[in-house]
Amino acid sequence: MTTVHQASYEILREQGLTTFFGNPGSNELPFLKDFPEDFRYILGLQEAVVVGMADGYAQATGRPGFVNLHSAAGTGNAMGALANAWNSHTPLIVTAGQQVRAMIGVEALLANVDATSLPRPLVKWSCEPSCAQEVPLALTRAIHMAAAPAPGPVYVSIPYDDWSKEAGPGVEHLAKRKVRTAGALPEQTLAELAAALNAARNPVLVLGPDVDASHANGYAVALAEKLAMPVWMAPSAPRCSFPTTHSHFSGILPASIAGISRLMEGHDLVLVVGAPVFRYHQYEPGDYLPADCRLVSITCDINEATRAPMGDAIVADIALSLRALSERTSQSSRAAPSPRPAPAPAADVEGALSPERVFDILNDLAPRDAIYVNEATSTINTLWQRLRMSEQGSYYFAAAGGLGFGLPAAVGVQLAQPERRVIGIIGDGSANYGIQGLWTAAQYNIPAIFIIMKNGTYGALRWFAGVLQAENVPGLDVPDLDFCALARGYGVEAVNANSSESLTTALRQALASNKPMLIEVDTRAA
Ligand code: TZD
Ligand code: CA
């Protein structure tokens, strides 16, 4: 007899989902029993960290990630991380163990009451199979659902007595199924858009995370060069979709309505690709765009397309669209946009480092293809002004702004990309939302480098308090944290740096080592 357990592992194996990120409880033990040797289980010590790691892993592999959580409480701990995964279009199959079917109704301890509602609205699809025989089908559906455009997290709650039951007839058809979608621009749409771009007097390109997720950065470069367009990253960018070293790169757009409109002044056509229009943050009302400026966006997500407050949208495959446009437009005779001015070298600060200096040192020492996972919130603009990132998949940031992504995601990305070096740049506030990720890095020998930017405060909130004119707000400082002691407690080697020399030495040591390392950097504005 084929059990639900056997059939399900066969599906996961055939679909390439042999890496589990999880934190187990009693409901999950029957699923995890006789764990096959060709699978690996990456243990995270808290569910936010489990999903953060899986998110980084899935984004960096470009393939669905598999997560196993403990019932309602485990799912609850993971919700903040799901908000990020939802907003970054990360394909994640989140499974959770459910009480035995006979005791869900009486709400026994660890029953996940109304399980399918719990993760909403942060999943594309949520399911609790109506009987054991439906578990393999639910898993198959979850996998294809998560990966299909727009990708995103899905949730399956599975009663623990289902695993030992006999699978239904025909279950063998499920494992090898492929589900594909096709989304090239139709010929007429392509011709119209290419004509509009060719005819534009001064077009501009705004790129979002799904360009990087679609490995379409090279097509974006080709299109920008063909049409002599300046290129911006869309606001609140969770990935880097264009080389920051390229002469057409203008930087990251601010996250306010009026702020974006001001920067679009003089352009008659804005082409947005792979981003919501837009992920605003601070409220600065005004016109969405200058008068006579047309906006067209290409997105993989019907939600993004429909909720934009202005412009036209096309739902299509990002890479195919960018490639087709770069082929179908004609070389512009306009002069290339002038490169943005290079930032002045950063000055030294007594007894600490300025964030600018930290980024300059990273530029000097890190490999050209280093991957940065950022969760230092007050230095985002400085990072985008200075940090050199030229390869696909070089930057990750929490797409919903939910802290607790950066440190675990750095671990997940490093696991996915062993041949590149991952450097987490994490604030001393943010680090505490996912600190347990250090343990996983140590135990599984995942050699990510964690740079803790220690300024003793929630710097971004201090800035925002200024924007909102909110004075005398309590709870904005985080003094007396010893990240070297915390790191050692979780088994990660650590060192403090409070000068250019000590950071240089520490970073060289970390880059030469094949183990994870944490560098606590005392930072202060120059
Ligand atoms: N909790 C969660 C889960 N996500 C959040 N975004 C916040 C709280 C609020 N928050 C921000 O949006 S930024 C920030 C907080 C607390 C400060 C982070 O401080 P940091 O970085 O030390 O990591 P900076 O550079 O000092 O801002
Ligand atoms: Ca801070």
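Count residues from 1 along the sequence. Both counts, for ligands and for their atoms, begin at 1 and track the order of listing.
- With Thr377, Asn374, Asp477, Asn84 as candidates, the residue nearest to atom 18 (C) of ligand 1 on a non-hydrogen basis is Thr377.
- The protein non-hydrogen atom at the shortest distance from atom 1 (N) of ligand 1 is Tyr433 CE2, 3.5 Å.
- The shortest N/O to N/O separation between Ala431 and ligand 1 does not fall below 3.5 Å.
- The CZ atom of Phe249 lies 5.0 Å from the CZ atom of Arg340; values are rounded to the nearest 0.5 Å.
- For the ligand labelled ligand 1, residue Gly401 lies inside the 4.0 Å heavy-atom shell.
- Ranking the protein heavy atoms by distance from atom 19 (O) of ligand 1 puts Tyr458 CD2, 3.5 Å first.
- For ligand 1, none of its N or O atoms has an N or O atom of Thr379 under 3.5 Å away.
- The angle Asp428:OD1 - the Ca ion (ligand 2) - Asn455:OD1 amounts to 90°, with values rounded to 10 degrees.
- Residue Ala376 has no N or O atom closer than 3.5 Å to an N or O atom of ligand 1.
- Scanning all protein heavy atoms for the shortest distance to atom 20 (P) of ligand 1 gives Gly429 N, 3.6 Å.
- A salt bridge (Lys or Arg N to Asp or Glu O under 4.0 Å) with Arg357 is found for exactly one of Asp348, Asp522, Asp364, namely Asp348.
- Residue-to-ligand polar distances keep Leu461 apart from ligand 1: every N/O pair is separated by 3.5 Å or more.
- Two rings, from Phe359 and Trp384, have their centers 6.0 Å or more apart.
- Atoms of ligand 1 lying under 4.0 Å from at least one heavy atom of Gly459, given by number and element, are 24 (P), 26 (O), 27 (O).
- The nearest N, O or S atom of Thr457 is closer to the Ca ion (ligand 2) than 3.0 Å.
- By the 3.5 Å distance cut-off applied to N or O atoms, Leu403 is counted among the residues near ligand 1.
- Relative ring orientation between Phe66 and Phe20 is described as tilted, the plane-to-plane angle lying within the 30° to 60° band.
- Considering CG of Leu92 and NZ of Lys124, their distance stands at 11.5 Å, rounded to 0.5 Å.
- In summary, the atoms of ligand 1 found under 4.0 Å from a heavy atom of Ser430, numbered by their order in the structure, are 18 (C), 20 (P), 23 (O).
- Residue Ser378 has at least one heavy-atom neighbour below 4.0 Å for each of these atoms of ligand 1: 24 (P), 25 (O), 26 (O), 27 (O).
- To the nearest 0.5 angstrom, Glu356 atom CD is 9.0 Å from Thr379 atom OG1.
- Of all the heavy atoms in Gln392 and Asp212, the pair that sits closest is NE2-O, 2.9 Å.
- Checked by atom type and distance alone, the side chain of Gln414 never pairs as donor or acceptor with a backbone atom of Val411 at under 3.5 Å.
- Considering backbone and side-chain N/O of Asn455, one or more are found under 3.5 Å from N/O of ligand 1.
- In this structure, the side chains of His246 and Val221 come closer than 4.5 Å at one or more pairs of heavy atoms.
- Between Phe242 and His248, the ring center distance fails the sub-6.0 Å criterion.
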